[in-house]
Structures are given as structure tokens and as C-alpha cells.
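This report refers to the structure that appears directly beneath it.
For this chain, numbers begin at 1 and follow the sequence in order. Keep in mind that the numbers below use all heavy atoms, side chains included, and drop hydrogens, waters and symmetry copies. Both counts, for ligands and for their atoms, begin at 1 and track the order of listing.
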Amino acid sequence: MGYLNGFVVTFRKWLGTRTDTGRRVTLQYPEQTRPKPARFHGRHVLNRYEDGMEKCIGCELCAGVCPARCIYVRGADNDPDDPTSPGERYGFVYEINYLRCIHCDLCVEACPTQAITETKLFEFAFTNRADAIYTKDELVVDDDGRPRRLPWENWDGGFDAAQDTSGWMRATSPGGSSEFEGIVAWAGELGYGVRAPEGGQPLEREQQAAAQAGHDDHDGHGSH
Ligand code: SF4
Ligand code: SF4
């Protein structure tokens, strides 16, 4: 008779009743969508600074670290009178092949200038190979610092707001300061500008442990 329990579960789901935990586990997708986790990895963007300069310096580190070999970068020298990015070089050609990308985010971690980051957009489907290979023009954010919306992408979930983009992680500070060695930090990243890193979980744990140690010391002195 145990199978009757299975039927009960099936009918409860069919009738739309809630689970024992009180949380409905299914949604009317695509009309309803779930909030995306902070570290969700979706379609990439190439970011710019507030003045419109591109952050990419064409160093090819992202292409070198990519395990799927799906990034193609060719750098070029900036025109001193009309530079595309700060510094000597910029990304002259930049392509990502989404038929191969596994959204591991290693390119984002490798980038020294926070040029490449990932939005939370994952609803994009192609009908031909050319559309699947995103070019630099498609990846660079627009003048508002937001991703360009391509015809085959569904941005209805609002995945292009700055606060709704993927958090990313650095193991060391961008400037290489030894003070930040081993400190893991998170940064929200979409669009313009340079954003201060947020304290990551290890850092928060260290701060909590230090606060707890200080509390214990205080209690210890108080008992004598
Ligand atoms: S997310 Fe991973 S697989 Fe995709 S382009 Fe970046 S490094 Fe390559
Ligand atoms: S996206 Fe970053 S890592 Fe890749 S070429 Fe540009 S600056 Fe270098």
C-alpha cells in the first residue's frame, strides 16, 4: 500500500498544495523566475570606465586560462591621440564561443582590470553558429554601462541591473599589495567604474573570530 503515499504526493503537487516545509518547489516558469544567487554565472560583458574607456587591455590572460579554449583575443597598440583603453594596449578583437563556454568564471578571476565579468543572463539560444560566437561589439557594455540586448536573449528577469550581476572573487588585491595576500573578497562588477571589494566569507569569519577572541579575553579578565 506504500504506493498510495506516492499518489498522495502526486495529487498534492498537481493541486498546487505546498510541501511539508511550507515552500512551493515549482514555479510557473518562464512567467515566474527565481532570484539568482550572488555568484550565478551567465553571459559575459566587457566593462568600461566612467569616461567610456574600455577596461580590457588585450593581455590575453582570460584566453590563456580558459579551460574550454573558447576566448579569442588579439590586442593592439592604443592610438596615443585617441586611446581605446588606459595604458599601451587594448582588446582589438575579442570573441567568446558560447557553444564551448562552461561558465566556470576563470576568465573573470584572471582578468587584471575587471574588464570581463558575467551577468546573470542564461536565457539565450541560437539558431546558427555565428550568433553563438559573441564579438567584441556585442560584449562591450553600452553607454549606460549595461549589456547590449541581443535579439536572441531574454532579459525579462532584469539580469542587467548592477546589483543583479554575478559576484566575483579575487584572491589578492588588483594592485598586488601584500596587505591583501590571502584575503578573498567579492566585488559586484557590471558596467562602469571601479568598485570596492566586499569582504568575503573567509574575511568575515576572521573578523568574527577576532571579535569572539576579544570578547573571551574581556570575560576572562572580568572573572579574576
Ligand atoms: S567562463 Fe570559463 S569556459 Fe567560459 S569563457 Fe570564461 S574561462 Fe572560458
Ligand atoms: S578581458 Fe581582461 S584578461 Fe582578457 S584580455 Fe582583456 S584585460 Fe586581459
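- Per-residue contacts place I116 under 4.0 angstrom from the following atoms of ligand 2 (heavy atoms of the residue considered): 1 (S).
- Residue contacts with ligand 2 include G58, since one of its heavy atoms falls under 4.0 Å from the ligand.
- No more than 12 heavy atoms of other residues, nucleotides or ligands sit less than 6.0 Å from atom CZ of F7.
- Using a 4.0 Å cut-off to heavy atoms of D105, the atoms of ligand 1 that qualify are 1 (S), 2 (Fe).
- With ligand atoms numbered from 1 in the order given, ligand 2 contributes 1 (S), 2 (Fe), 3 (S), 7 (S) to contacts under 4.0 Å with heavy atoms of C111.
- Note: F124 and F122 fail the aromatic proximity criterion, with ring centroids not under 6.0 Å apart.
- Residue C62 has at least one heavy-atom neighbour below 4.0 Å for each of these atoms of ligand 2: 1 (S), 3 (S), 4 (Fe), 5 (S).
- Distances below 4.0 Å separate heavy atoms of E118 from the following atoms of ligand 1: 1 (S).
- Heavy atoms of R69 come nearer than 4.0 angstrom to ligand 1 in no pair at all.
- The residue from C59, C56, G75 that puts a heavy atom closest to atom 8 (Fe) of ligand 2 is C59.
- Nearest protein neighbour of atom 5 (S) of ligand 2, counting heavy atoms only, is E60 N, 3.2 Å.
- The distance from ligand 2 to the heavy atoms of T113 drops below 4.0 Å at these ligand atoms: 7 (S).
- Atom numbering of ligand 1 starts at 1 in the shown order; those under 4.0 Å from a heavy atom of I71 are 5 (S).
- Contacts between H44 and ligand 1 below 4.0 angstrom, taking non-hydrogen atoms only, involve the side chain exclusively.
- Within the 4.5 Å cutoff, the side chain of I71 has no heavy atoms near those of the N97 side chain.
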Step-by-step salt bridge (Lys or Arg N to Asp or Glu O under 4.0 Å) determination, E153 to R43: CA-CA 10 Å; E153 296 176 342; R43 194 267 259 184; 3.0 Å; yes
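- Between atom SG of residue C70 and atom NE2 of residue H44 there is a gap of 7.0 Å, rounded to the nearest 0.5 Å.
- One hydrophobic cluster, built from ILVMFWY side chains closer than 4.5 Å, cannot hold both L61 and Y90; they sit in different ones.
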Between Y134 and R148, is the side chain to side chain contact (heavy atoms under 4.5 Å, CB included) condition met? List the steps. CA-CA 11 Å; Y134 276 49; R148 297 172 198 274; over 6 Å; no
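- The protein heavy-atom contact nearest to atom 2 (Fe) of ligand 1 is C104 SG, 2.3 Å.
- Atom 6 (Fe) of ligand 1 has C107 among its coordinating residues (N/O/S atom, backbone or side chain, under 2.8 Å).
- In the vicinity of H103, heavy-atom distances shorter than 4.0 Å reach the ligand 1 atoms 1 (S), 4 (Fe).
- Note that CD1 of I116 and CD1 of I96 are 4.0 Å apart. Values are rounded to the nearest 0.5 Å.
- Counting the atoms of ligand 1 from 1 in the order shown, those under 4.0 Å from a heavy atom of C101 are 1 (S), 3 (S), 4 (Fe), 5 (S).
- Annotation: Q32, atom CD; neighbour count of heavy atoms from other residues, nucleotides and ligands within 6.0 Å is above 12.
- For the pair T84 and F92, the minimum side-chain heavy-atom distance is 4.5 Å or more.
- Within ligand 1, the atoms closer than 4.0 Å to a non-hydrogen atom of I102 are 3 (S), 4 (Fe), numbered from 1 in the order shown.
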Given side chain to side chain contact (heavy atoms under 4.5 Å, CB included), test V45 with N47 step by step and report yes or no. CA-CA 6 Å; V45 285; N47 297 303; 3.6 Å; yes
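- Atom 7 (S) of ligand 2 has as its closest protein heavy atom I57 N, 3.3 Å.
- A heavy-atom separation below 4.0 Å is found between P112 and ligand 2.
- In this structure, Y98 and H103 have parallel ring planes: the angle between them is below the 30° cut-off, well short of the 60° mark.
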